[in-house]
Amino acid sequence: MLDIQLLRAQPEEVAAALLHRGVTLDAAAFSALEARRKEVQTRTQQLQAQRNSLSKQIGQLKARGEDASAVMTEVNAVAGQLQENEAALAQILQEVEALVSTLPNLAHESVPVGKDETANVEVSRWGEPRTFDFEARDHVDVGAALGLDFALAAKLSGARFAVMRGEVARLHRALAQFMLDTHTREHGYTEVYVPYLVSEASMYGTGQLPKFEEDLFSVRHGDGRLLMIPTAEVPVTNFLRGEMVDAQQLPLKFVAHTPCFRSEAGAYGRDTRGMIRQHQFDKVELVRIEHPDNSWAALEELTGHAETILRKLELPYRKLLLCTGDMGFSAAKTYDLEVWLPGQAAYREISSCSNCVDFQARRMQARAKTADGRKVLLHTLNGSGLAVGRTLVAVLENYQQADGSVRIPEALRPWMGGVEVIGKP
RNA sequence: GGAAACGUGGCCGAGAGGUCGAAGGCACUCCCCUGCUAAGGGAGCAUACCGGCAUAAACCGGUAUCGAGGGUUCGAAUCCCUCCGUUUCCGCCA
């Protein structure tokens with residue numbers, strides 16, 4: 001949620017900034033709505049003050065056993081007007097709320113302005129894409145012999161699901177364990193296990209609702225419903241919803257391994273082959289809750305932690321700074337990590353690391369009490385460390401060998417029981 | 001699934017139609033006293049909005065907020081209804 005005070009004070013400036021994010025805010029209309037709000041609210045409060053003072057008189061008269069009927073008629077007249085004003089005010093407040101809750105976060109000043117992914121800025125590259133002395137296949141072909149089965153998944157559930165058997169299933173599991181252990185042992189994150197189904201309130205807190213309903217799967221539950229998490233960011237960040245933490249306890253650093261569920265409603269026809277874009281995929285997610293003063297340094301650190309996984313696995317990647325038009329709803333600044341996929345001869349997103357500053361914290365009223373007794377909104381950050389399915393894809397494609405087998409990256413071998421190669425004919 | 005209880009400020013907790021934004025305690029901030037690892041005294045200490053104001057803070061006045069939303073009433077933290085959440089007991093169950 002944007003700071004409503006900022007919107008009120010500088011609607012034009014906010015509208016201009018939102019334009020870079022691809023959102024049109026009619027600043028004049030907003031100001032007009034706010035002016036009406038103010039007017040109706042002032043009138044309402046005057047009437048309330050009137051009513052309160054008349055009520056007080058009635059109480060005093062009655063206490064003295066005197067007749068209060070004259071004041072009663074007066075107060076009834078006020079009450080009529082008051083009811084109208086209160087209803088009007090409630091309506092306006094709702095309109096304002098509905099408008100503001102669908103506005104994305106403002107980009108940090110260091111974020112390049114741009115319309116779409118073509119304006120993203122490459123920050124750095126690491127590793128050399130391997131040259132093959134045979135024709136590199138994509139992960140679908142490489143994986144088929146190792147137990148990666150899309151046809152079976154299609155029979156069970158339809159498109160955009162995968163079944164893994166045997167060595168691929170183990171490799172997938174090993175990758176997740178490797179990531180978790182690295183982040184807990186070397187980077188100081190606390191491992192958490194969380195619900196995969198969450199309430200609407202939680203989805204609202206991190207910004208998936210009310211605007212991105214169509215991206216989510218939901219399940220009926222009693223008379224209501226629960227929503228399936230599109231990322232562990234949702235349950236983990238919502239740890240702090242409505243909480244007041246002692247600033248001295250910061251930062252809080254969490255890592256969670258969960259499945260993620262996305263309807264991919266807007267992605268018809270995109271990445272239909274293989275497991276790049278699935279309705280269900282595993283991800284190891286990093287979440288940090290920071291003091292506002294430290295969140296920008298924390299973003300760099302968190303991104304570095306995600307990069308560490310790629311480096312240990314010796315997977316070539318590049319780091320992008322997303323432009324204003326390509327960032328997610330809640331983010332103020334985002335780095336994407338893209339891993340090299342020989343099967344596509346392209347870099348593909350494998351991690352996205354964002355600082356949401358106080359945007360999510362304001363939605364969920366997550367605050368910290370500082371040493372001098374002040375209360376501040378927390379800053380929240382999250383990043384994939386990494387998407388497990390896509391990491392599997394990257395390993396299969398980058399480590400494939402001419403005979404159809406796949407070498408296991410050295411750093412991963414302890415999690416594979418020492419196995420060095422899978423799929424040896 | 002059945003039954004019951006409960007939801008008050010950063011925390012604990014009182015209040016049971018008006019004098020309550022809310023006793024008391026803890027924590028915190030400032031001041032004083034004292035001095036040695038702690039104690040004593042005083043003051044302050046929820047949020048949002050509206051207005052006063054020089055449309056900066058502070059300050060002053062007003063309004064709303066005691067899980068959420070409705071209702072009763074001149075007046076609701078307090079009574080009624082619905083919902084949400086938590087806890088306990090019973091049943092069931094991995």
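Every chain is numbered from 1, with letters handed out A, B, ... down the list of sequences.
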CD of A:E290 to CG of A:D358, rounded to nearest 0.5 Å, is 14.0 Å
Rounded to whole angstrom, note down the [atom1] distance from [N] over to [M].
N: B:C66; M: B:G41; atom1: C1'; answer: 33 Å
N: B:U88; M: B:U73; atom1: P; answer: 40 Å
N: B:G17; M: B:G70; atom1: P; answer: 24 Å
N: B:U47; M: B:U55; atom1: C1'; answer: 22 Å
N: B:C30; M: B:G13; atom1: C1'; answer: 26 Å
N: B:C93; M: B:A14; atom1: P; answer: 40 Å

Out of B:G10, B:G51, B:A64, minimum distance to the side chain of A:K38 belongs to B:G51
- Message: Run the ring-ring contact (aromatic ring centres under 6.0 Å, His included) test on A:F359 and A:F329 for me, step by step, so that the C-alpha distance in whole Å, both residues' side-chain angles and the decisive distance to 0.1 Å come before the verdict.
- Response: CA-CA 10 Å; A:F359 186 85; A:F329 182 73; 5.5 Å; yes
Can a donor-acceptor pair be found, under 3.5 Å and without considering hydrogens, that links the side chain of A:Q360 to the backbone of A:T206?
yes
Does any N or O in the side chain of A:R363 come within less than 3.5 Å of the main-chain N or O of A:S101, such that one atom is a donor and the other an acceptor?
-> yes
*So does A:R8 get a side-chain nitrogen or oxygen closer than 4.0 Å to the phosphate oxygens (OP1/OP2) of B:C49?*
yes
Q | Any A:R374 side-chain nitrogen or oxygen under 4.0 Å from OP1 or OP2 of B:C28 | A | no
Within the structure shown, what part of the strands sits under 4.0 Å from A:L54 by heavy-atom distance: base, sugar-phosphate, or nothing?
nothing
